[in-house]
There are 2 protein chains.
Amino acid sequence: MKSEKAALPLDTIIAGDCVKAMNALPAASVDLIFADPPYNLQLKGELHRPDNSRVDAVDDAWDRFDGFSAYDRFTRDWLKAARRLLKPDGALWVIGSYHNIFRVGAAVQDLGFWILNDVVWRKTNPMPNFRGKRLTNAHETMIWAARTDRSKYCFNYDALKALNDGVQMRSDWEMPLCTGGERLKTDSGEKAHPTQKPEGLLHRILIGSTQPGDVVLDPFFGTGTTGAAAKRLGRRWIGIEREADYIKAARARIADVVPAGPEALVVTASKRKEPRVPFGRVVERRMLEPGEVLESLNGRHRARVRADGTLITADAAGSIHQVGAAVEGAPSCNGWTYWHFRRDGRRVPIDVLRQQIRAEMTA
Amino acid sequence: MKSEKAALPLDTIIAGDCVKAMNALPAASVDLIFADPPYNLQLKGELHRPDNSRVDAVDDAWDRFDGFSAYDRFTRDWLKAARRLLKPDGALWVIGSYHNIFRVGAAVQDLGFWILNDVVWRKTNPMPNFRGKRLTNAHETMIWAARTDRSKYCFNYDALKALNDGVQMRSDWEMPLCTGGERLKTDSGEKAHPTQKPEGLLHRILIGSTQPGDVVLDPFFGTGTTGAAAKRLGRRWIGIEREADYIKAARARIADVVPAGPEALVVTASKRKEPRVPFGRVVERRMLEPGEVLESLNGRHRARVRADGTLITADAAGSIHQVGAAVEGAPSCNGWTYWHFRRDGRRVPIDVLRQQIRAEMTA
DNA sequence: GTCGCTTTTGAATCACGGG
DNA sequence: TCCCGTGATTCAAAAGCGA
């Protein structure tokens, strides 16, 4: 095993096809594999924002496949090669969206990996749905799987718990998109890679499922987020990438990374601002029933609750705030403190229901 | 179609196997299917909390399958039967966890459904991971799919936006587990069903993807959350369930549900549904005079109104939309919100004139 | 340098009816 | 079946810019 590990091209990028490259490396030599494969988006026409600006879509050749079966073959090929490379106690992370993640997940199971968790990356600033035809696609899914169901995989439970303010790390991770200074640009100012992942995602993955010195391989290296995070956290890394431009950008990026001293590993203190609660949630939860009547603070006005969380009176319909402002003839109104419901014969502001929901969220 | 619909056993529970039961119903007769199939949990041995109390896990006979291929056969069988039942513009929701959702999602795609979103139910109060060997499994995944990629599926965009306090509904939904008074209990005080879903989840699904009066079918009815939510929201429902105990509990539960009044079911409607008003009507009505000058939203362009309800600039002539697109160099343009006229020195969109006409039409 | 306003942008399976 | 015209539709965060 020692000699095999010595043969590994550590802390370098291998240019070329990832299946061939992985098969040329010694078996059972890698501790962790992180993979961000093509998603096989099936985009049809162009998309414009309401202000008529054009959305810069992912239309690169590497994301085009000839149907599901071609994508499945591709997926099984790279997963098989990846599994051969992993040490017996090694593990795999894959990220994807609803376009591909179900096929990838089924293949992961079929090949004998053992799924440990699926993890949701909740984006704080996703791209909206511009045409109002679907829900805002605000998350991506990652699968964490051990090589087999008998693998003694690495899981740094306490490190992740510490990273999460002392409570167990959950399977949903909130994180912004990769933007700003972190986003790599070409000389002409365009984004160097269409789907660069935030380094914070890799930070959490490496802290949670590797030890310092472990070997992490990324078969779809792109502009090297995995390598940058690994170098920063004192892990060894191997990247495989086909596109020369991405390789060049990744090399320059990783060269600039300054490895962190052990004391620097504590980051991302969670910001605890009071979460926004839509009034609709009160109705869904049936803390108030559709059709129920609310009274104003002063008792002079009444409104009825509708099933979509709006209010309706004889003259107005809309949000709790809009209808409150309308009946008062005021420019604005805080509906939470203005509207009241009856409980035990007394008038209670609906804000107590919001407080109840908030208490559950932070508990 | 009418006669087929008349043959549907509406607002009832069918006892028996869901594939047989679905195949006995008329094809293309159902608007929405919500399915909460067995999760194929692969639990090895019993699970204990740190204090050695035993966790009451899902180990019922209906949740055990003989490996992945048996589960895949089962999944494809019920999905095929469900797809046959759906109207051409119908849609499907399925919920699952990482144990089964990848296999289910792949089957959904293979059978020709068209995935619209995957939606994450983020639990506010998940069961912790007692052994500290994995992340807290704090979410489940739902797949929303239209029958085909050409289906004109129902999506009440504005109602969901209202339910979310005026911003687009995202693909991650935060909601507590079904506990407390909502959780059905047996006479001996045990939970009546191991995986009862919160009714709030179904509330949001039905508000977002059905109309009042639509037929909603649930092939794994359990204790009838789908039926309860459907009755409450004025939708018709059909449940299929094998276990007599669940059927009994569901019947009693749904009988107690008080439907919301019709006025509470009217939700925020889409602008798309409003009657079309030609711009020429504005000119005919002399709300704008022929020869009058309009300004663009950003103030950078001007156009003159002609007597036939077209606009003209130095370079272009045509409808309000065509000229707006032309001066902006955009592929398209909503002239109603783009062009403005002067009133009391302020720039006002011509859309207010359309709203005035529409108000008179409905008055 | 700072403040405030405007512009830009992000893995997207993103219309529909009439002729 | 396709073609064409109308017109509905966006949120958070960062960058850019002018005062």
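Chain letters run A, B, ... following the sequence lines, proteins first, then strands; residues in each count from 1.
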Tell me: [atom1] of [X] to [atom2] of [N], nearest whole Å?
X         : N       : atom1 : atom2 : answer
Asn129(A) : dC14(C) : CG    : P     : 9 Å
Arg131(A) : dA8(D)  : CZ    : C1'   : 7 Å
Asn137(A) : dG10(C) : CG    : P     : 16 Å
Lys185(A) : dT8(C)  : NZ    : C1'   : 10 Å

Under 4.0 Å from OP1 or OP2 of [N]: is there any side-chain N or O of [X] that close?
X         : N       : result
Thr337(B) : dA8(D)  : no
Asn334(B) : dA8(D)  : yes
Lys191(A) : dG10(C) : yes
Arg276(A) : dA12(D) : no
Lys133(A) : dC16(C) : yes

Does a side-chain heavy-atom distance below 4.5 Å link Ile254(A) with Trp237(A)?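 Ile254(A) vs Trp237(A): side chains touch.
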Symbol by symbol from the 5' end, with Watson-Crick or G-U pairs under 3.5 Å, [ ] crossing and | another strand, DNA chain D is .|||||....|||||||||
What's the closest nucleotide to the [X] side chain, out of [options]?
X         : options                  : value
Arg183(A) : dG10(C), dC14(C), dT6(D) : dG10(C)
Ser53(A)  : dT9(C), dA12(C), dA11(C) : dT9(C)
Lys271(B) : dA11(C), dA12(C), dT9(D) : dT9(D)

With sugar-phosphate meaning primed atoms plus P, OP1 and OP2, does Arg272(B) contact a base, only sugar-phosphate, or nothing at under 4.0 Å between heavy atoms?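 Touches sugar-phosphate only.
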At 4.0 Å (heavy atoms only), tell me whether Cys178(A) reaches a base, stays on the sugar-phosphate, or touches nothing.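 No contact at all - Cys178(A) keeps every heavy atom at 4.0 Å or more from the nucleic acid.
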Between [M] and [N], how far apart are the [atom1] atoms? Round to whole Å, please.
N       : M       : atom1 : value
dA12(C) : dA8(D)  : P     : 25 Å
dT8(C)  : dT10(D) : C1'   : 13 Å
dG18(C) : dC14(C) : C1'   : 22 Å

